Amino acid sequence: MNKCLVCAAPIDQFISFGKMPIANGFLKPEEFAKEYFFELRVGFCSQCAMVQLLEQPEREKMFHANYAFFSSTSKFMAEHFKEFAGFVKEKYLKSPDPLVVEIGSNDGIMLRNFANAGIRHLGIEPSENVAQVAMRNGIRTVCSFFDAELAKKIVFEHGQADAFLGANVMCHIPYLHSVAAGIKILLKPKGVLVFEDPYLGDIVQKTSYDQIYDEHAFYFSVASVSNLFAQHGMQVIDVLPQDVHGGSMRYVVAHQGAYSVTEAVEKQRKLEESLGLQRKETFDQLRRNIENSREKLVKLLKEVKRNGKRVVGYAATSKSTTVTNYCGITEELVEFISDTTPIKQGKYSPGTHIPVRPYDEFKKNYPDYALLFGWNHAKEIMSKEQDFVAPGGKWIVYVPEVKVL
Ligand code: SAH
Ligand code: TMP
Ligand code: ZN
C-alpha cells in the first residue's frame, strides 16, 4: 500500500497504464536496448484529495543537460507568459525594488518579461541546457533543483521575494513539503506564490489522460492545493482558470491572513464538489472513460490503416508518450511523428519507437490523416495547416473524445 506524499494517509490506486518510458526520452536506435521503464500507476488520496503517481523515476532521469523541452518553441505560450508576468507585476509587485523568483524557469520564457522591465529576478532551473539559453539571454539563473535549503541560500544572498512563480513545475516535484517550506521562508510577509499547472477538473471532464506521465507527480485541484499549503501556514487567496495546456489553474497563495480570499476560490471549490473531485468513485469512472477512449482510438486507427490510408502524428509531445504506449500505437499505425523541435528530430518516440521527423516532411507529402498529439495547441496548429486540410487532409483527435475532424 502506498502512502500519500502530502498527508501520509494510505492511498488506493485507481489506474495503471502499464510499463512506461520517460515521456521526454526521445532516443536513438542504439539506445533502445537500454531504455528505462517504470509502471505508471495513479492514486487518489481520500483524506487530502491529492491525485498522484504511485511510482516515479528519479528526478535526474527526467531533468538533465539533454532535457528536450524548450518552453519558447510555442509563440502562443510566450504570449501567455507575458500576460502572466503582467498580472503579477500589476497586482503584487508594490515594493520599491521587488524581487521575483521563478522555479522551472526553463529558457526564460516568463522571466524575460521581468528582466526587460529592469525588475530583479532569479530563475531556478536544474536542466542545464535550457538554463544556459536563459543565461545567454541575460536572465539570472541558478542551475539547481529548488528546495528549502536553496531557499535559505537565496534569502541570504538576495533577501526575501515579493513573488515566487512556477508554471508547469510544482506538479513535477514529489517532495512538495520541502518546496512549500522553502516558499514560506522565501516570501516577504506580503509576498505571494503564483503558480499554474494542468487542472484535475479538466482532466476528469475531458478524459485527457495524456496529462498523466512521469514528470507530473501530482494532479492538483483547489481542494488539494489548499490542504497542502494549510500545513505550512499559507492559504489560497485567488484562483484563475487558464486555457493553456488543455486546461490549467493559476493559484495565488499567501501567508495565512495576509490577504482576503477572493470569491473565486469558494466558487471553484463548489464546482469541484459538483464534479466529485473529492470522491473516489469519480476516479473509478475516469478509469472506465480512459479504457473506452483507448478502445475507440485503436479501432479507428486500425480501420484507417485497413483502408490503406496514411497517418502521421502531429507534434511529438510528452503527452503522446502515454497515449502511444498505453494504446500500443507503433510505426505500423502511425508512419512518423512530425515535430518542430530540432533535438527530437531523427530520434524515435519513447517506448513505441515511432520515428520523429522534421515538420518539412509533413508539408512535403501530406498524409491522409494527422493524429493530433498536440491537441492542447489545436487552435494555433489548425489555423496554420489550411493547406493540409483544403485538399482533404483530416485530423484525428482523442480529447475530449475520439473523433475525425
Ligand atoms: N515553466 C516552463 C517550463 C516547464 S517544464 C513552462 O511552463 O514552459 C518544467 C521545468 O521545471 C523543467 O525545465 C525542469 O527542468 C524544471 N524543474 C524540474 N524540477 C525542478 C525543481 N525541483 N526545481 C526547479 N525546477 C525544476
Ligand atoms: P509539449 O506538449 O510536451 O509541450 O510538446 C510540444 C511539442 O509540439 C514540441 O516538441 C513542439 C511540437 N509542436 C510542433 O511540432 N508544431 C507546432 O505547431 C506546435 C505548436 C508544437
Ligand atoms: Zn493525502
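In each ligand, atom 1 is the first atom listed, and ligand 1 is the first ligand listed. Only a predicted model underlies this, so the values are computations on that prediction, with no experimental measurement involved.
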Worksheet entry | Polar side chain donor-acceptor pair, N24 to E215, under 3.5 angstrom | yes
Worksheet item: What do you reckon, does G104 have a nitrogen or oxygen under 3.5 Å from a nitrogen or oxygen of ligand 1?
Response: yes
Fill in: Sub-4.0 Å heavy-atom environment of ligand 2, residues by chain
F69, Y314, A315, A316, T317, S318, K319, D339, T340, T341, K344, H377, I381, K384
Worksheet, complete the sentence: In this structure, atom 9 (C) of ligand 1 is nearest to the protein heavy atom N168 O, 3.4 Å
Item to complete: Report yes or no: is the cationic atom of R287 (NZ for Lys, CZ for Arg) under 6.0 Å from the centre of the six-membered ring of F14, at an angle within 45° of the ring normal?
Response: no
Response to the item:
Atoms of ligand 1 under 4.0 Å from any heavy atom of V169, numbered from 1 in the order shown, are 11 (O), 17 (N), 25 (N), 26 (C)
Item to complete: Can you sort out which atoms of ligand 1 are near S71, meaning under 4.0 Å from one of its heavy atoms?
Response: 2 (C), 3 (C), 6 (C), 8 (O)
Practice prompt. Could you walk me through whether H255 and K184 pass the side-chain hydrogen bond (donor to acceptor under 3.5 Å, both in side chains) test, one step at a time?
Written response: CA-CA 7 Å; H255 295 294; K184 181 82 186 163; 3.0 Å; yes
Item to complete: Could you tell me the angle subtended at the Zn ion (ligand 3) by SG of C45 and SG of C48, rounded to 10°?
Response: 110°
Worksheet item: In the protein, what heavy atom is nearest to atom 22 (N) of ligand 1, and what distance, to one decimal place, separates them?
Response: Y175 OH, 3.0 Å
Discussion item. We want to know whether R250 and Y199 form a side-chain donor-acceptor pair, criterion being a heavy-atom distance below 3.5 angstrom.
Written reply: no
Worksheet item: When you check the side-chain N and O atoms of H80 and E196, is any donor under 3.5 Å from an acceptor?
Response: yes
Fill in: Option nearest atom 20 (C) of ligand 1 (shortest heavy-atom distance, choices P126, A217, G108, S72)
P126
Worksheet item: What atoms of ligand 1 come closer than 4.0 angstrom to any heavy atom of I124?
Response: 24 (C), 25 (N)
Practice prompt. Classify the side-chain pair S71/N106 by whether it contains a donor and acceptor separated by less than 3.5 Å.
Written response: yes
Practice prompt. Please could you name the atoms of ligand 1 that A167 approaches to less than 4.0 Å, counting only its heavy atoms?
Written response: 1 (N), 2 (C), 4 (C), 6 (C), 7 (O)
Worksheet item: Near S127, which atoms of ligand 1 are under 4.0 Å from a heavy atom of that residue?
Response: 15 (O)
Discussion item. Under 3.5 Å, is there a donor on one side chain and an acceptor on the other for Y314 and E385?
Written reply: yes
Item to complete: Enumerate the atoms of ligand 1 whose separation from the nearest heavy atom of F146 is less than 4.0 angstrom.
Response: 21 (C), 22 (N), 23 (N), 24 (C)
Worksheet item: Are side-chain heavy atoms of D12 and F283 found at a separation under 4.5 Å?
Response: no
Worksheet item: Any idea which of E196, H245, E125 brings a heavy atom closest to atom 14 (C) of ligand 1?
Response: E125
Item to complete: Answer yes if the side chains of N289 and Q285 hold a donor-acceptor pair under 3.5 Å, and no otherwise.
Response: yes
Worksheet, complete the sentence: The atoms of ligand 1 lying under 4.0 Å from a heavy atom of I173, numbered in the order shown, are 21 (C), 22 (N)
Worksheet entry | Aromatic ring proximity F63/H172, centre distance under 6.0 Å | yes
Discussion item. Centroid separation under 6.0 Å, is that true for the rings of Y348 and F26?
Written reply: no
Practice prompt. For residues F76 and H377, establish whether the separation of their ring centroids is below 6.0 Å.
Written response: no
